[in-house]
Amino acid sequence: MRARRQCVSNTVLGSATGASHLAANLQRVVRALRQAQHVAVLTGAGASAESGIPTFRDKQVGLWERFDAMELATAEAFSRDPALVWGWYEWRRKVVLTAQPNAGHVALVAMAAQKPGLTLITQNVDDLHERAGSSAVLHLHGELARPYCEACHRTYVFPPGIVDVPQEGARIDPPRCVACGARIRPGVVWFGESLPEVPWRQAREAADEADVFLVVGTSALVYPAAALAEFAIAASAMVVQINPNPAELGAGVVTLRGTAGGVLPQLVSG
Ligand code: OAD
């Protein structure tokens with residue numbers, strides 16, 4: 001996983017430049033969804049923002065605005081200071097456990113009911129899609145709820161209940177593997193690591209065959225996940241971006257400027 005060194009642009013792509021264009025684009029996307037044989041959706045942190053889970057790069061509130069990714073989201077950082085890294089991910093797990101799915105998550109469940117075979121791909125490490133009712137979610141960047149042993153890769157099962165993290169930034173020693181005694185590491189993909197093979201292959205196939213590819217709440221700066229929209233464009237899909245601050249995804253992308261919780265329900269009821 002690697003981040004593109006580029007600023008997020010606020011340029012509005014496609015023809016959505018105002019309320020009337022938004023309405024026109026909404027209708028266009030609703031029609032395309034009705035006709036589509038294959039629909040795929042890629043979500044990013046923005047899809048969970050309305051559930052109170054911070055994004056990474058939004059000004060002031062984004063996690064990478066407040067924390068150094070190189071101190072927290074690399075294998076080297078974990079080797080250097082496991083308690084700092086484990087404590088940070090436990091704090092994030094606590095935030096997720098106390099959050100609820102929002103209208104955007106719920107709308108994607110309804111969309112999958114209308115479009116059987118819809119592929120839901122996420123960069124998010126929370127489980128809000130699943131808790132809303134989505135199944136077979138392809139987690140490209142791992143899951144907070146699935147840590148594993150850094151040596152033998154055995155899955156670690158958390159004790160039930162809310163996590164005891166006294167405050168943001170608390171240091172907590174990671175647990176040890178019951179099989180080999182090595183450290184348990186967070187179940188997420190860090191910078192410099194490869195994406196899990198099976199979800200990535202399935203996501204790639206879904207992008208290649210989609211008639212409509214929705215890109216929801218992502219800055220599209222982190223590769224290879226961001227390349228999925230490019231594959232879908234190359235395969236002649238209608239690529240639709242849903243974001244209050246649209247990213248530059250290339251010519252021909254339809255932009256619905258708005259939040260996931262505001263726009264996605266309109267695509268389902270439309
Ligand atoms: P970013 O924080 O980079 O981008 C979040 C996007 O969501 C931005 O484009 C926002 O404009 C948009 N956004 C904010 N609120 C929204 C809302 N209510 N509805 C819709 N969109 C909204 O997050 P990602 O693109 O997901 O990796 O970041 C990609 C990866 O970088 C993450 O998976 C993470 C990070 O390092 C790992 O944790 C492994």
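Start at 1 and go down the list; that is how both ligands and their atoms are numbered. Remember, it's a predicted structure, so these values are computed and weren't measured experimentally.
- Tyr148 does not carry Arg154 over the face of its six-membered ring by the limits of under 6.0 Å from the centre and within 45° of the normal.
- For ligand 1, the atoms sitting less than 4.0 Å from at least one non-hydrogen atom of Asp58 are 10 (C), 11 (O), 14 (C), numbered in the order shown with element in parentheses.
- At least one heavy atom of Pro244 sits less than 4.0 Å from an atom of ligand 1.
- Checked for salt-bridge contact, Arg183 and Asp173 miss the test: no charged N lies under 4.0 Å from a carboxylate O.
- Looking at His139 and Glu130, their side chains do bring a donor and an acceptor atom within 3.5 Å of each other.
- Aromatic ring centroids of Trp86 and Phe78 lie 6.0 Å or more apart.
- Considering backbone and side-chain atoms alike, Gly258 places every N or O at 3.5 Å or more from each N or O of ligand 1.
- When Gly44, Ala247, Gly217 are checked for heavy-atom proximity to atom 5 (C) of ligand 1, Gly217 turns out nearest.
- A cation-pi geometry, defined here as NZ or CZ lying under 6.0 Å from the six-membered ring centre and within 45° of its normal, holds between Arg185 and Trp190.
- Atom numbering of ligand 1 starts at 1 in the shown order; those under 4.0 Å from a heavy atom of Glu50 are 17 (C), 18 (N), 19 (N).
- Counting heavy atoms closer than 4.0 Å to ligand 1, residue Trp64 contributes side-chain atoms (C-beta onward) but none from N, CA, C or O.
- Without hydrogens or angle criteria, Gln266 side chain to Gly262 main chain gives a donor-acceptor distance under 3.5 Å.
- Look at Val188 and you'll find every heavy atom at least 4.0 Å from all atoms of ligand 1.
- Residue-level proximity to ligand 1 for Ala49 is carried by the side chain, the only part with a heavy atom below 4.0 angstrom.
- Which of Arg57, His141, Gln123 comes nearest to atom 31 (O) of ligand 1 through a heavy atom is settled by distance: it is Arg57.
- Residue contacts with ligand 1: Thr218 is placed with a nitrogen or oxygen under 3.5 Å of a nitrogen or oxygen of the ligand (distance criterion only).
- Taking a cut-off of under 4.0 Å to the non-hydrogen atoms of Thr55, the atoms of ligand 1 that pass are 2 (O).
- The closest heavy-atom contact to atom 39 (C) of ligand 1, among the options Val189, Val222, Thr259, comes from Val189.
- Hydrophobic clustering places Val268 together with Val30 (ILVMFWY residues linked when any side-chain heavy atoms are closer than 4.5 Å, directly or through intermediates).
- Classification of Arg176 and Glu150 as a salt-bridged pair fails, no side-chain N sitting under 4.0 Å from a carboxylate O.
- For the 3.5 Å distance criterion, the side chains of Ser134 and His105 fail to qualify, holding no donor opposite an acceptor.
- Under the 4.5 Å side-chain heavy-atom criterion for Ile, Leu, Val, Met, Phe, Trp and Tyr, Val188 and Trp200 are members of the same hydrophobic cluster.
- Short contacts between ligand 1 and Phe191, defined as distances under 4.0 Å to a heavy atom of the residue, involve ligand atoms 36 (O).
- Put simply, part of Asn243 is less than 4.0 Å from ligand 1, judged by heavy atoms.
- Looking at Ala47 next to ligand 1, no N or O pair under 3.5 Å apart turns up.
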